[in-house]
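A quick write-up on the structure given underneath.
Residue numbering restarts at 1 for every chain, and letters A, B, ... go by the order of the sequence lines. Side chains included, hydrogens not; waters and symmetry mates left out as well; all remaining heavy atoms used.
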Number of protein chains: 2
Amino acid sequence: MKRRNTPAKTAVLNILQQAQSALSQDSIEAEVKGEMDRVTVYRVLNRFCEDGITHRILADDGKYYFALCLNCNEENHDHDHFHFRCLGCQKVECLKQQVQVILPQGYRQNAISSWVTGYCKNC
Amino acid sequence: MKRRNTPAKTAVLNILQQAQSALSQDSIEAEVKGEMDRVTVYRVLNRFCEDGITHRILADDGKYYFALCLNCNEENHDHDHFHFRCLGCQKVECLKQQVQVILPQGYRQNAISSWVTGYCKNC
DNA sequence: CGTATTATTGCAACATAATTGCATTAATAA
DNA sequence: TTATTAATGCAATTATGTTGCAATAATACG
Ligand SMILES: [Mn+2]
Ligand SMILES: [Mn+2]
Ligand SMILES: [Zn+2]
Ligand SMILES: [Zn+2]
């Protein structure tokens, strides 16, 4: 399924690139108000995830956030870092620190989702 | 608001005690099918949380899971441990390992939510 | 026990986040 | 320029959880 370049795709990608942080669907929707449908935002973001352009993280507020994959290449994705959500400015960031977990015997690890909520240095 | 003992409350508590793991509303609902309403399950569980009988954890599948507070006392709740969700049997457990995170300068930590998904030793 | 008080329940409606179906539009290849 | 089909808009649907309100029933108290 070959991808096509569309205004919607370009607009969402620009927003993510300028954000320097993970964004939720609704915050992106707010920025493109009128330009495109709500569903299109979801679909563009999901396609980005399928294509390895973004990664999708379910925050502890129950919403998905999307962040550009910065240190990933086509084959190796590495998203086992902590995520921080600020209760003041609502900003979500990918932290540098990797999550270290040792599972009990016989357990196999598939994915990790680690969140810290609190207040960032500006809040 | 003094609590009352009801069949609904007793049934849900029994299920949690026998489970030895965290349960979602829908899995509890499945076990009490016909006995009580969907909303009652939510309300019983939320009351347990208010009363410090259970704690509520939002999993990386977007659902809340409820687990008995075992090592908590009235004042000190300690839920900063990893949680494991099995993709095979759907079971959710609280792992022993505590989450260790060092935040960037100036950041304040409020709450932690750490999930590992994968397959347990039986799956 | 009998009665009053009010916590708890059931049911319908609502809220919010995200997905799906389908006809239409438009990006790309030939 | 035209054919192909990915992408879009809109409405409907799913999923999870909450809220309003009248009816029910657990508890306290004489
Ligand atoms: Mn990340
Ligand atoms: Mn726990
Ligand atoms: Zn902040
Ligand atoms: Zn399992």
Nearest to side-chain heavy atoms of [X], which nucleotide of [options]:
X	options	answer
B:N46	C:dA17, D:dT18, D:dT27	D:dT18
B:D37	C:dT9, C:dT6, C:dC11	C:dC11
A:P7	C:dA18, C:dT9, C:dA27	C:dA27
A:R4	D:dA7, D:dG17, C:dT9	D:dA7
B:Y64	D:dG17, D:dA28, C:dG10	D:dG17

Using the six-membered ring of A:Y64, assess whether NZ or CZ of A:R56 lies under 6.0 Å from its centre and within 45 degrees of the ring axis.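 Flagged: A:R56 positioned over aromatic ring of A:Y64.
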Find which nucleotide of DNA chain D each of B:N5 and A:A8 is nearest to by heavy atoms, and output the residue with the more 5' nucleotide.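 Whichever sits nearer the 5' end wins; that is A:A8.
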Does B:R56 or A:V39 map to a spot on DNA chain D nearer the 5' end, using the closest nucleotide for each?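 Looking at DNA chain D, the more 5' nearest nucleotide goes with A:V39.
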Calculate the interatomic distance between [X] atom [atom1] and [N] atom [atom2]; express it in whole Å.
X	N	atom1	atom2	answer
B:D51	C:dA7	CG	P	13 Å
A:F48	D:dA6	CZ	C1'	14 Å
B:K63	D:dG17	NZ	P	8 Å
B:L58	C:dA17	CG	C1'	12 Å
B:D61	D:dT14	CG	P	20 Å
A:K33	D:dG9	NZ	P	13 Å
A:R47	C:dA27	CZ	P	13 Å
A:K9	D:dA7	NZ	P	7 Å

Work out which heavy atom in B:W115 is nearest to a heavy atom in B:L58; give both atom names and the distance.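 Smallest heavy-atom distance, with atoms named: NE1-O, 2.9 Å.
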Where do A:C86 and A:C123 come nearest, in terms of heavy atoms and distance?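 Here A:C86 and A:C123 meet closest at SG-SG, 3.6 Å.
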State plainly whether the residues A:R43 and A:E50 are in salt-bridge range, i.e. N to O under 4.0 Å.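 Not counted as a salt bridge, because no side-chain N and carboxylate O are separated by less than 4.0 Å.
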Would you say B:T6 reaches C:dT9's phosphate, i.e. side-chain N/O to OP1/OP2 under 4.0 Å?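 It does, given that an N or O in the side chain of B:T6 lies less than 4.0 Å from OP1 or OP2 of C:dT9.
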Think B:Y42 has a side-chain N or O under 4.0 angstrom from the OP1 or OP2 of D:dG17?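 Checking D:dG17 against B:Y42, a side-chain N or O does come within under 4.0 Å of OP1 or OP2.
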So, A:Q97 side chain and B:Q100 main chain: donor-acceptor pair closer than 3.5 Å or not?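 Side chain of A:Q97 to backbone of B:Q100: a pair is present.
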Without swapping roles, check the side chain of B:D51 against the backbone of B:I53 for a donor-acceptor pair under 3.5 Å.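 It does not hold such a pair.
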For B:K2 and A:K2, take the nucleotide of DNA chain C holding the closest heavy atom to each; which residue's nucleotide lies nearer the 5' end?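 It is B:K2, whose closest nucleotide lies nearer the 5' terminus.
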I'd like to know if B:R43 reaches the base of D:dG17 with its side chain such that a donor and an acceptor end up less than 3.5 angstrom apart.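 Per atom types, no contact qualifies.
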Could you tell me whether the side chain of B:R38 has a donor or acceptor atom within less than 3.5 Å of a complementary atom in the base of D:dG17?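 Under the 3.5 Å cut-off, the side chain and the base do form a donor-acceptor pair.
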Base, sugar-phosphate, or nothing: which does A:D26 touch, judged by heavy atoms less than 4.0 Å apart?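 Answer is nothing: A:D26 stays at 4.0 Å or more from every strand.
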Just call it for A:E29: base, sugar-phosphate, or nothing, with non-hydrogen atoms closer than 4.0 Å on any strand.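 No contact at all - A:E29 keeps every heavy atom at 4.0 Å or more from the nucleic acid.
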